[in-house]
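Report on the structure given below.
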Amino acid sequence: MAEDLIGPGYQCVVIGGSAGSIKVLIDALPAITPHLRLAIVVVLHRKNAADNSLLVHLLRSKTLMLVKEIEEKEPICSGICYIAPPDYHVLVEKDRTFSLDASEKVNFSRPSIDVTFESAAVVYGASLACVLLSGANSDGAHGLIMAGAHNALIAIQDPATAEMPAMPRSAMNVVENYHILQPEQLAGFINNLA
Amino acid sequence: MQIADEELELLVADLHDRYGYDFSGYARASLKRRFERLAGLDKFPSFAEFRYKILKDPVYIKRVVEEITVNVTEMFRDPHFYLALRAEILPVLATYPFIRIWLAGVASGEEAYSMAILLYEANLLHKTLIYATDINPAVLDVARKGIYPAAKMKQYSENYLAAGGKGDFSEYYTARYGYIKLNEELSRRMIFSTHNLVSDATFNEFQVIICRNVLIYFDKTLQDRVFHLFNDSLDIFGFIALGSKETLKFSGMSDKYKVLKSGEKIWRKIS
């Protein structure tokens, strides 16, 4: 993985994960530069809504960055780590605000990683980076195809290091150009984006 | 199918000019996704054919409106919300001689029946009218019948208990052939009607207005219109309840309302 070849200039990174991804994120957060000039958007599958405030607290304790649950119509600002709320899909509007959507689950998931990858790709294009972490289903794969079509940068966790390799693996089966990421490389990868 | 921004604006204009449905105030990212989803479901090979069908087939428009608007709902969704209703609002309503509740954007009606069960258990249903409205006549037909897939009852029964339900949930319906029908005692106090929050005016005065997960699909301007409509339709000291990610805070009328209980999206009108 040639992370030193990735130049700055990215404005947003969307990180998608499911089972086995929280630990990767928690381990990476302390090493991510707090005042990065890009927005971090985290879309994780969770079993129930009550887990979410716990998750936000947990992530907050690992970084000086502002970590917050996404509010609808909120402007997307750099230097902030946004967490998708439970039971809503997260979309990005052209004016770079978030909008939320409580429609049907996608890949049995709400929030769905596909939905946010696709929507962010349309708005940010080549200034978007997408990271897909461990998980047990195939959410994210289709979104990465769309992100690739909009020239976004794609990184996928090495399935060999993933607690649940199915999600990174199904993405690798369909996505053409991507970087393979070791969990300990995640922070450096993100720091190099901006 | 991917729909480009300018194609989306064509569809919005078509629906308005030809059929009178105004989606211009809808947030574009989710509207675009809904149109793309529909074009995919109905297997249109190109945008041109999709648009032609919309322009030429008034019957298909019913389906378009049904699928473009989000009708996902469940009974006792967010059980803590119903706990708060039970604890904070029903005791106030109990002091009124007559109660009018407006459920705006009620979709297939699961929320209306949840509300009716709450009122029934508090012995208030007999003096309540529940006005259940939606933009979409087809989902209101489902709501009116109160027939839902039996497969969902396990989830609803868990929600009911988490929402503070004290009875046996299965006594509120009869099951047959994979479906359940909610008891007609529950719907006897409901009035179903189409109402479009985008264009229609206030039609009554209410003590409670519940509109959850509808405003997230609207842009700021349309949200403001709806907040004014609700304000004009709500009695002083009445209650407004929104979805868990929606807020009155930036509506320009937040000084007229106070948050009823922290953590819940329920406000009381105080002036």
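Both backbone and side-chain heavy atoms feed into the values below; hydrogens, waters and symmetry mates do not.
- Contact annotation for A:V106: only side-chain heavy atoms (C-beta onward) come within less than 4.5 Å of a heavy atom of chain B.
- Contacts of B:N71 with chain A are absent, with no heavy-atom separation under 4.5 Å from either backbone or side chain.
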> Checking side chain to side chain contact (heavy atoms under 4.5 Å, CB included) for the pair A:R110/B:V72: CA distance, chi angles, key distance, verdict?
Replying inline: CA-CA 12 Å; A:R110 194 175 46 220; B:V72 176; 3.8 Å; yes
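- Annotation: residues 71-83 of chain A contacts chain B through A:E71, A:E72, A:K73 [non-hydrogen atoms, separation under 4.5 Å].
- Only the side chain of A:S99 comes within less than 4.5 Å of a heavy atom in chain B; its backbone stays farther off.
- Taken to the nearest 0.5 Å, the OH atom of A:Y88 stands 3.5 Å off from the CG atom of B:N213.
- Residue-level contacts of residues 22-37 of chain B with chain A, in order of numbering, are B:A27, B:R28, B:A29, B:S30, B:K32, B:R33, B:R34, B:R37; threshold 4.5 Å between heavy atoms.
- With a 6.0 Å radius and a threshold of 12 heavy atoms from other residues, nucleotides or ligands, A:K23 has its NZ atom at or below the threshold.
- Contacts with chain A were tallied for B:L215, B:T73, B:T247, B:D5; B:D5 has the most, counting heavy-atom pairs under 4.5 Å.
- Residue contact with chain A, scored on non-hydrogen atoms closer than 4.5 Å, involves the backbone and the side chain of B:S244 alike.
- Taking 4.5 Å as the heavy-atom cut-off, the residues of residues 58-70 of chain A that approach chain B are A:E69, A:I70, ordered by number.
- The local environment of CZ in B:F44 is crowded, with over 12 non-hydrogen atoms from other residues, nucleotides or ligands closer than 6.0 Å.
- Using non-hydrogen atoms only and a strict 4.5 Å limit, the part of residues 121-146 of chain A facing chain B consists of A:V122, A:M146.
- Proximity of a side-chain donor or acceptor of B:Y217 to a complementary backbone N or O of A:L100 within less than 3.5 Å is not detected.
- Of the listed residues A:L91, A:D101, A:V115, the one with more heavy-atom pairs under 4.5 angstrom with chain B than any other is A:D101.
- For chain B, no part of A:K105 is nearby; none of its heavy atoms comes within less than 4.5 Å.
- Under a cut-off of 6.0 angstrom, the local environment of CG in B:D255 is crowded, with over 12 non-hydrogen atoms contributed by other residues, nucleotides or ligands.
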